[in-house]
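See below for the structure under consideration.
From a predicted model like this one, the values you see are computed outputs, not experimental measurements.
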Amino acid sequence: MICMNKPAGLTLIITVLIFTGCQGYKLGPTNGLVQGERSISVRNFENRSAEPGIVDELMTSLRREIQIDGTFKLNTKGRGTLILTGTILEMQREAISLNPNRIEASRDLRLTLICELVVSQRNSGDVILRKLVSARSAVRNQGDLNRADQITVPQMTEQLSRKILSIVADGEWESLLTE
């Protein structure tokens, strides 16, 4: 019988768990492409909502997410294999609870940012993906909705950027590409 002291045995068990625990995870792109194999250009989205400046927030967040993710090479000259654009359709505000002291005033709001995403091929101009994407956030109404928006809009544009990138990077539309 082999006798192992407790610290060495514990270290061995931890080492085995560390190396086998991450077995299902994959670093880099999850769509089977080589990192940076395809390039993407992001064109300014159209803003049909009543929220000024929301396109700037979304564009900054989306470009940052593309660079962090690394699935696509961000082409800022507009010559990417794929062209990403879209329209911010609206930002909805919905009361989810009322102020008990003033029944006509909402206490908590749910904000929903709705965007139409369009991905097309630069060479052919063919639209290969068109999809509605949304992001939601709850906010406490403390009497100043502008301040609540200033806090919530950046969070929602980051959430929307991650969703957009996930849809584009892991989408089923790869078979529609023409070379």
Side-chain angles (χ1 to χ4, degrees), residues 22 24-96 108-139 145-146 148-179:
C22 299
Y25 292 99
K26 181 180 178 186
L27 294 175
T30 56
N31 60 359
L33 295 175
V34 175
Q35 184 172 1
E37 181 179 340
R38 293 204 193 277
S39 59
I40 192 165
S41 295
V42 181
R43 295 202 177 138
N44 276 338
F45 281 37
E46 181 184 347
N47 185 7
R48 290 191 190 158
S49 75
E51 297 299 315
I54 199 163
V55 168
D56 296 331
E57 286 277 348
L58 181 60
M59 294 297 94
T60 301
S61 179
L62 191 52
R63 287 183 178 112
R64 182 176 50 242
E65 287 296 324
I66 289 169
Q67 290 173 330
I68 290 170
D69 179 70
T71 299
F72 298 100
K73 179 182 174 198
L74 181 62
N75 187 308
T76 58
K77 305 271 191 239
R79 297 186 191 116
T81 309
L82 301 174
I83 305 295
L84 176 68
T85 189
T87 304
I88 297 174
L89 299 172
E90 66 179 312
M91 187 159 93
Q92 301 171 343
R93 287 177 182 81
E94 175 186 6
I96 52 178
D108 297 306
L109 297 169
R110 177 181 301 125
L111 297 157
T112 305
L113 183 60
I114 302 170
C115 173
E116 180 185 36
L117 168 68
V118 179
V119 179
S120 57
Q121 273 187 276
R122 182 178 60 89
N123 292 340
S124 66
D126 293 341
V127 172
I128 54 176
L129 176 67
R130 183 180 301 267
K131 186 169 183 146
L132 288 178
V133 185
S134 65
R136 288 189 172 154
S137 184
V139 64
L145 289 178
N146 289 332
D149 285 354
Q150 288 174 349
I151 293 168
T152 309
V153 166
Q155 294 170 356
M156 287 195 313
T157 56
E158 284 181 31
Q159 183 186 125
L160 192 61
S161 295
R162 284 190 291 274
K163 281 185 174 183
I164 288 171
L165 186 57
S166 176
I167 289 167
V168 174
D170 298 331
E172 302 281 325
W173 51 269
E174 283 287 327
S175 61
L176 301 175
L177 288 178
T178 56
E179 295 299 324

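Taken from CG in Leu74 to CG in Leu62, the straight-line distance is 8.5 Å, to the nearest 0.5 Å. To the nearest 0.5 angstrom, Thr76 atom OG1 is 13.0 Å from Ile40 atom CD1. From Arg130, atom CZ reaches atom CD of Glu116 across 5.0 Å, with rounding to the nearest 0.5 Å. We find the CD1-CG distance between Ile167 and Leu84 to be 10.5 Å, quoted to the nearest 0.5 Å. Within the model, atoms CG of Leu58 and CD of Glu65 stand 10.5 Å from one another, a figure rounded to the nearest 0.5 Å. Rounding to the nearest 0.5 Å places CG of Leu132 at 8.5 Å from SG of Cys115.
Summarising the geometry of Ser39 relative to Gly80, their closest heavy-atom pair is OG-CA, 3.2 Å, with the distance given to 0.1 Å. Closest non-hydrogen pair, Ser120 versus Gly125, comes out as CB-O, 4.1 Å. In terms of heavy atoms, Arg63 sits closest to Val42 at NH2-O, 3.0 Å. The two residues Ser137 and Gln155 come nearest to each other via the heavy atoms OG-OE1, 3.8 Å. A pairwise comparison of heavy atoms in Thr71 and Ala169 identifies CG2-CB, 4.0 Å as the closest pair. Smallest separation of non-hydrogen atoms from Glu90 and Ser49: CA-CB, 3.8 Å.
Under the 3.5 Å distance criterion, the side-chain polar atoms of Arg122 are matched with a main-chain donor or acceptor of Arg79. Side-chain N or O atoms of Thr157 include one that pairs as donor or acceptor with a backbone N or O of Val153 at under 3.5 Å. Judged purely by atom type and a 3.5 angstrom limit, Ser166 has no side-chain atom pairing as donor or acceptor with the backbone of Arg162. Here the side chain of Arg110 pairs no donor or acceptor atom with the backbone of Glu94 at under 3.5 angstrom. Proximity of a side-chain donor or acceptor of Thr87 to a complementary backbone N or O of Glu46 within less than 3.5 Å is not detected.
Counting heavy atoms of neighbouring residues, nucleotides and ligands inside a 6.0 Å radius, atom CZ of Arg64 exceeds 12 of them. Annotation: Lys131, atom NZ; neighbour count of heavy atoms from other residues, nucleotides and ligands within 6.0 Å does not exceed 12.
When each of Arg93, Arg136, Met156 is tested with Thr112 by the rule side-chain contact (heavy atoms from CB on, under 4.5 Å), just one qualifies, namely Arg136.
No side-chain heavy atom of Lys163 sits under 4.5 Å from any side-chain heavy atom of Leu117. Counting only heavy atoms from C-beta outward, the side chains of Leu113 and Ile54 approach each other to under 4.5 Å. Within the 4.5 Å cutoff, the side chain of Leu165 has heavy atoms near those of the Phe72 side chain.
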